[in-house]
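Only one structure is covered here, and it is reproduced in the block below.
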Amino acid sequence: MSTIDWVVLFFTLLLIVAYGMYKSRGIKNIDGYIVGDRQLPWYNVGLSVMATQASAITFLSAPGLAYSSGMSFVQFYFGLPLAMIVLCVTFVPIFHRLKVYTAYEFLEKRFNVHTRALTAILFLIQRGISTGITIFAPSIILSSILGLDVTYTTLIIGSIVILYTVWGGTKAVSYTQLLQMAIIFTALLAAGFMVVHLLPEDIGFKEALHIAGKSGKTNAIDWSFDLNNEYTVWTGLIGGFFLQLSYFGTDQSQVGRYLTGSSIRDSRMGLLMNGLLKVPMQFFILLIGILVFAYYQFNTAPLFFNQVEVKKIENSEYKAEYSQIMSQHELLSKEKTLLVQQLTRGLKTDDEVLIDQSREALNAKNKQDKALRKQVEELLLKNDPSAELNDNNYIFLSFVTSTFPKGFIGLLIAIIFLASMGATASAINSLSSTTVVDIYKRFINRGASDQGYLNASRIFTLFWGIITLCVALYASQLGNLLEAVNILGSLFYGTILGVFLVAFYVKQIGGKAVFWAAILTEIIVFIIWSTDIMAYLWLNLVGCVCVIVLGLILQQIFRTKGFTIEN
């Protein structure tokens, strides 16, 4: 990066951290640290909710996913608006009326302390691991740019987030997220225009979409009902609905965002804002990946996007073999460009014969290119058996750093940092609040002062920051980070959601029955996932239904043995 890029990057990060610490000064008790004194307006709530979900993984992995697999991932979010409506009608009024700090406090009032502790622990496990993944994502950037080991870059970015989260709690998180999302929206819009600008003069936005479409990249909708297909309309509407309902309704990293609302109305408005904007935002991010694909039809794309691994092979005994493969790749790229130009002429003249001929020839060249990439992967493994072969997370980063003008590179990298900081700060803050309220305050120290609980909150924020940093150091082995986070959530969210739905709607099920139903459900979910019976999004539905069904069965069994509903 140039000096200008570094100035833009560091000034943006410094502005965010300073703003968050300034706005959160003067916190004196746990109410201010965990729920921001419940005084934030709806737009702050909405942007904070969006920033918590839209981590750096979104901006790193989503364009790469679209580049490799097309737009189908957008279907993952189809259930989100429906989930927001359900939350506004049910969860939000109850949480506000009870004045809870965490979602799990409600479960003790409805069931018993064991159910509260179980759901809190399930949350701590999955959120602690997934937060490590969100910390690792932006560390890839520093690793690639500075040439440093990813361990050091992970520690750098994690430490920055921990600093202002320990200092200011929820207020620092929410106010930084407000500014973060304003910068992110502006930069994303500018990035979209920039990609189109970099295309050849006779290729506009419409032509770029046609080219990507003929290569099978723009098929965003799949109506097939296939349990093994991860991204269809039905997995998004059904599996995605249950995942989003559980995430926003029972995950403290999100519940904590809208508990800061000054009223039920502000919390509802914030969630509805998220429901209306999230799908278009995700569609636009994926669209950028499609435009990057179109750009590389006219320019030679890297055969392997992870430059850290490429530099290793270039400095190894396999350098000559790699150079020979790259020469073949560059020749293929020139041939593909001619075919794409031919395809473009066919599209402009509606010559279906020319379009079909060009597309078939282009597909054949792409297969040859995939074979060359396979050879590179084999060389990488020969040189280093632990080499990372999945480079989806590097595609957009590689494109930005090699094509965008000075200053703009720094801004685009800054938004990835900002996204990571927002999501990570919310997660660490929620891990701390859940530990303090549901474990420490409930079981360990029930009579401490406000200052004592405030000090404990800061200590546990630091503790979870260190834990998530440790997890981040092993995240490189998880492939596409966006999918890894969603798979992890699907292993737990269905069960947790099932417990909450029983609490709200199935009054005949008691605490003992729902407790054991949840444990049995987690066992079932892990068995289904390990045997790869169905796509992971369906696990959210399976987990939710199993808790309810098993709860009803177990309650009937316990009732015959003399247990009451409260047991």
Practice problem: Scan for ring-ring contact (aromatic ring centres under 6.0 Å, His included) pairs involving residues 501-520, sequence neighbours excluded, and state none if there are none. | Solution: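 Those involving residues 501-520 are Phe91-Phe504, Phe106-Phe504.
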
Quiz item: Once you round to the nearest 0.5 Å, how far does CD1 of Ile129 lie from CG of Leu491?
Solution: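 Between Ile129 CD1 and Leu491 CG, I get 9.5 Å after rounding to 0.5 Å.
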
[Y] versus [X], side-chain donor and acceptor atoms under 3.5 Å:
X	Y	result
Ser432	Thr461	yes
Gln244	Tyr77	no
Thr434	Gln252	no
Trp464	Thr435	yes

Self-check item: ring pair (Phe, Tyr, Trp, His ring centres under 6.0 Å) partners for Phe460, two or more places apart
Solution: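 With neighbours one apart ignored, the set is Tyr440.
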
Exercise. Determine, using ring centers only, whether Phe399 and Tyr394 are less than 6.0 Å apart.
Key: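 Between Tyr394 and Phe399, the centre distance exceeds or equals 6.0 Å.
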
Quiz prompt | Phe443 atom CZ, neighbour heavy-atom count above 12 within 6.0 Å | solution =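 Counting other residues, nucleotides and ligands, CZ of Phe443 exceeds 12 neighbours.
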
Quiz item: Just wondering, are more than 12 heavy atoms of other shown residues or ligands nearer than 6.0 Å to CZ in Phe526?
Solution: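 Yes, because the 6.0 Å sphere around CZ of Phe526 holds more than 12 heavy atoms from other groups.
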
Quiz item: Hey, are Glu105 and Arg442 close enough for a salt bridge, meaning a charged N less than 4.0 Å from a carboxylate O?
Solution: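 Result for this pair is no, no salt bridge flagged.
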
Quiz prompt | Check ion pair Glu377-Arg373 (N to O, under 4.0 angstrom) | solution =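 Yes, this pair counts.
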
Quiz item: Could you walk me through whether Phe123 and Phe492 pass the ring-ring contact (aromatic ring centres under 6.0 Å, His included) check?
Solution: CA-CA 8 Å; Phe123 162 74; Phe492 295 93; over 10 Å; no

Exercise. Identify, with sequence neighbours excluded, every residue that meets salt bridge (Lys or Arg N to Asp or Glu O under 4.0 Å) alongside Asp438.
Key: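 Listed in chain order: Arg116.
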
